[in-house]
Amino acid sequence: MTGQTHILGGITASLAFAQLSPEEPVLILIGGVIGSLIPDICHGGSKIGKTFPLLSKLINSLFGHRTFTHSLLFLALSALLFHFILPIDGLAHGLLAGMISHIILDMMTKHGVKLLFPWKVKFRFPFTVKTGGFGEYVAFAALSLFAVYFGYGIWFQ
Ligand SMILES: [Zn+2]
């Protein structure tokens, strides 16, 4: 999936979460956008990889691409870390929603993700789409509709 689709996935997931949460939706949304980019820190060509090249290189050489940072273990450790370093719950929840959306979207690609890292098995959906292909375009369109729907539910009702 491209960076734009991941960001839109983070927006949609965080707005969906914000429907159920009493916390400030804007903070959840900001967290969602940032969180949607975090797992690709393992990839030097990604938006976040270009922003933090040294950290990206380190993580890539330690774990490879789409392994540790795309796993339930990473989500659990991040949740623990956010709990201790972030004073605002809404931001932490948004970050996690964005990260979860990223992993789900990557599971829609042929490459899949090592969800249960360090177990080496790759997880992906039975249907997959090609990055930048027609399937991703459809996913992008669907995510756009859901983002508008959830955003409407928060701010206009
Ligand atoms: Zn990824």
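Numbering of ligands and ligand atoms starts at 1, following listing order. Positions are given from 1, in the same order as the sequence printed here.
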For this session: Tell me whether H65 has at least one N, O or S atom under 2.8 Å from the Zn ion (ligand 1).
Result: no

For this session: Kindly give the atom name of the N, O or S atom of D106 closest to the Zn ion (ligand 1).
Result: OD2

Exercise. Does S101 use its side chain to pair, donor to acceptor, with the backbone of A13 at less than 3.5 Å?
Worked result: no

Exercise. Within less than 2.8 Å of the Zn ion (ligand 1), any N, O or S from H70?
Worked result: yes

For this session: Have a look at D40 and say which of its N, O or S atoms is nearest the Zn ion (ligand 1).
Result: OD1

For this session: For N60 and C42, indicate whether the former's side chain and the latter's backbone hold a donor-acceptor pair under 3.5 Å.
Result: yes

Exercise. Quick one: does S36's side chain have a donor or acceptor within less than 3.5 Å of a partner on G98's backbone?
Worked result: no

Exercise. Should V148 and I7 be regarded as members of a common hydrophobic cluster, given that ILVMFWY residues are connected when their side-chain heavy atoms come within less than 4.5 Å of each other, either directly or indirectly?
Worked result: no

